[in-house]
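The block underneath contains the structure these notes are about, expressed in structure tokens.
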Amino acid sequence: MTLDAAATRVRDEVREHADDLRSRALAVDTDPERLTPHLDAPAVQAVHRLSMPGPDGRPRRCLELVAGLLEAARGDPGVALACPGPSVAGAVVELLADPAQRDRFYAALAGGRSWAFCGITEPAVGSDALRMHTRLRPDGTGGYLADGAKRYIGNAARGTVGVVFARTGPAPLSIRAVLVAAPVAGLTAASLPTLGLRGAGVGELRLAEVPVGPEAVLGRHLPSVRGGIWGAIRAFDTMRVQVGALAVGTAQAVCDEVRHHLPAGRRRHRLAATQARLDGARQLIYRAAAEVDAGRGRGQLASVAKLEGVTLARRLTTRLPELLGPGALLDHPLLEKWRRDAQGFEFMEGTGSIQRLHIAQTYLRRPRDGAAA
Amino acid sequence: MTAPVTAALPLAAATAAGYHDGLAAGLRAVFDPARPVPCSRFGYTLLPAGYAARVGRWALAGGAALADRAHWSVRPHSAAAAEGLELIQVAVTGPPDPGPAPPAGYALLLAAVRVGLTHRMLDLAVTHLATRHSDGNPLTSRQLVQAAIAGAASTIELCRDGLTAAADRPGHAGWLHARLDRADAEVTDMFGAAGYLTDHPVRCLPVVALVRNAWAAPPAHAGREEEGT
């Protein structure tokens with residue numbers, strides 16, 4: 001499919017900054033907590049702008065986001081994820097926040113020097129949100145106190161605002177999303193040492209009687225069935241396409257780098273076949289994003305985009321460097337880094353197994369008269 | 001009758017060391033000072049900590065170099081260090097080695113270490129999966145999970161016999177590494193996000209991938225991402 005004018009503008013703007021993002025890749029990978037020297041760079045600010053609402057105040061469409069993210073990851077996925085912005089929490093806020101909550105959330109992120117976290121995954125139950133343990137109990141004054149733990153959360157230790165999912169009771173509809181500003185009494189955070197994607201700032205959150213005012217509960221203005229876990233599920237659709245875009249961008253980066261170092265004529269015909277495969281994956285990402293924007297489907301194509309994008313990235317980051325001969329991963333630190341990074345996409349917004357189950361379940365439910373083919 | 005050059009390779013010992021004691025122990029078990037240590041085009045390689053001084057000959061892009069005609073230094077590499085390895089950079093300081101380089105054989109020896117290491121990680125993964133539940137049942141009861149376990153277990157058994165079959169043809173170890181690459185990815189995924197942390201035992205598998213990249217020349221079909229092996 002062809003990108004429309006707005007998405008093309010976003011893609012072209014971020015593409016201009018890809019080389020600068022790449023120039024920061026190894027520094028961020030080595031010291032992901034030292035981001036201050038990068039924050040004022042035009043490239044980092046461009047990715048920040050991409051993640052925020054557009055000039056008219058409306059949220060970015062998924063198609064615009066993935067068009068830009070793919071180019072940012074082509075620069076470097078770790079730096080792309082290190083750029084300040086709303087991250088996953090933005091997708092939840094767009095679905096569940098009322099206008100005042102949305103304003104408060106984005107105000108905390110304006111200026112491009114702060115990050116947001118989104119606490120869904122837990123140590124005991126992983127990303128099985130329906131079984132989460134973190135709970136909200138009434139504080140007696142109309143608000144809540146939040147207790148629990150979240151793990152593998154992007155921007156956990158550096159986020160100044162975020163969304164945390166927790167339950168007020170045992171039923172699925174009792175799961176709510178709340179806005180949390182940091183620092184706040186009872187909330188502690190720590191970084192986790194990840195193999196790759198270190199710019200993502202993955203860490204854990206611990207909540208011990210964190211005060212949550214009634215104004216911080218998202219989805220209060222929505223019907224109860226759409227106020228909590230529904231938001232997480234819909235946010236996953238958007239985020240899965242974005243992770244797919246990051247993965248395809250990373251695969252493209254590897255292809256670019258190998259082409260750059262490969263002597264002319266030597267096995268270059270193999271790169272042509274690889275590029276055709278990358279172009280196909282890019283089209284799939286765009287189509288999945290357009291489907292999310294149109295509100296079509298049950299997230300099946302989003303799962304396909306994530307599964308295929310990540311599979312391609314893992315395959316290419318493993319195999320393409322071999323074209324450069326033995327030890328290429330030691331000779332070219334970026335190739336070694338992207339191999340580690342690509343592995344991390346597997347665990348973002350549901351593993352490959354989760355995507356396969358979702359794809360199968362939605363496929364089995366659809367009409368079998370061939371009309372959908 | 002001349003014995004095959006690899007007949008005495010300590011394949012079983014390497015597999016056992018990889019399983020029981022880990023990557024560095026496995027590499028120590030296969031180390032032979034007379035065997036040239038493979039290096040990258042720019043002279044990088046990985047060795048067990050402290051073993052660079054014991055190398056008799058380096059296999060560099062321009063040919064083999066005797067140890068006394070090369071200078072080596074240890075470069076920082078936190079992931080390698082966590083596994084008891086060192087990143088070594090070698091630079092030639094004298095004329096090239098006039099004699100023919102003996103066959104390296106390290107590709108096959110490394111495959112033997114990897115069989116043990118992958119087997120150990122699969123055992124750890126199965127223990128981990130049995131403690132995780134979905135809908136009240138352990139993840140090991142899930143067909144998708146069982147299929148992944150079966151795939152990795154089959155690869156381990158196939159490669160165990162493949163080592164023996166390739167012992168007389170050490171230049172044909174590439175397919176073993178390709179299969180083990182795929183099994184390692186499957187096993188790593190079994191740990192979920194926990195396996196993506198640098199303090200998790202499965203961190204050895206990304207490091208062994210680096211050793212494989214330097215020590216075991218890629219197969220002839222390298223780079224063909226559509227290749228299914």
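Every value quoted in this text rests on a predicted model; they were computed, and no experiment measured them. Letters A, B, ... mirror the listed sequences (proteins, then strands); counts begin at 1.
Remark: the backbone N or O of A:P193 is not paired with any side-chain donor or acceptor of B:D199 at under 3.5 angstrom. Judged by distance alone, with hydrogens and angles left aside, the side-chain atoms of B:Y196 form a donor-acceptor pair with the main-chain N or O of A:G196 at under 3.5 Å. Remark: the backbone N or O of B:P206 is not paired with any side-chain donor or acceptor of A:R339 at under 3.5 angstrom.
Of the listed residues (B:A194, B:C39, B:A79, B:A209), the one with the most heavy-atom contacts under 4.5 Å to chain A is B:A194. Most heavy-atom pairs under 4.5 Å with chain A: of the set B:V211, B:T45, B:L144, this distinction falls to B:L144.
For A:V125, the part sitting under 4.5 Å from any heavy atom of chain B is the backbone (N, CA, C, O) and nothing else. Of the two parts of A:S353, the backbone and the side chain both hold a non-hydrogen atom closer than 4.5 Å to a non-hydrogen atom of chain B. Contact annotation for A:P123: only backbone heavy atoms (N, CA, C, O) come within less than 4.5 Å of a heavy atom of chain B. B:A185 touches chain A through backbone and side chain together, each having a heavy atom under 4.5 Å away. For B:R132, the part lying near chain A is the side chain, with the backbone staying farther off; criterion is any non-hydrogen pair under 4.5 Å. In this structure, the portions of A:L197 lying under 4.5 Å from any heavy atom of chain B include both its backbone and its side chain.
Atom CG of A:L324 and atom OG of B:S40 lie 11.0 Å apart (nearest 0.5 Å). Atom CG of A:L357 sits about 10.5 Å away from atom CD of B:Q143, to the nearest 0.5 Å. Here A:E346 contributes atom CD and B:T188 contributes atom OG1; the two are 10.0 Å apart, rounded to the nearest 0.5 Å. Atom CD of A:E322 sits about 5.0 Å away from atom CZ of B:R212, to the nearest 0.5 Å.
The shortest side-chain heavy-atom distance between A:Y152 and B:L197 falls under the 4.5 Å cut-off. A:E336 places a side-chain heavy atom less than 4.5 Å from the side chain of B:L210. Using a 4.5 Å heavy-atom threshold, the side chains of A:L330 and B:L87 count as touching.
Open room surrounds CZ on A:R206; 12 or fewer heavy atoms of other groups in view lie less than 6.0 Å from it. Atom CZ of A:R259 is surrounded by more than 12 heavy atoms from other residues, nucleotides or ligands within 6.0 Å. Atom CZ of A:R365 has more than 12 heavy atoms from other residues, nucleotides or ligands within 6.0 Å. Within a 6.0 Å sphere centred on CD of A:E33, other residues, nucleotides and ligands contribute 12 heavy atoms or fewer.
Note on A:R314 versus B:D181: no salt bridge recorded, every NZ/NE/NH1/NH2 to OD/OE distance being 4.0 Å or above.
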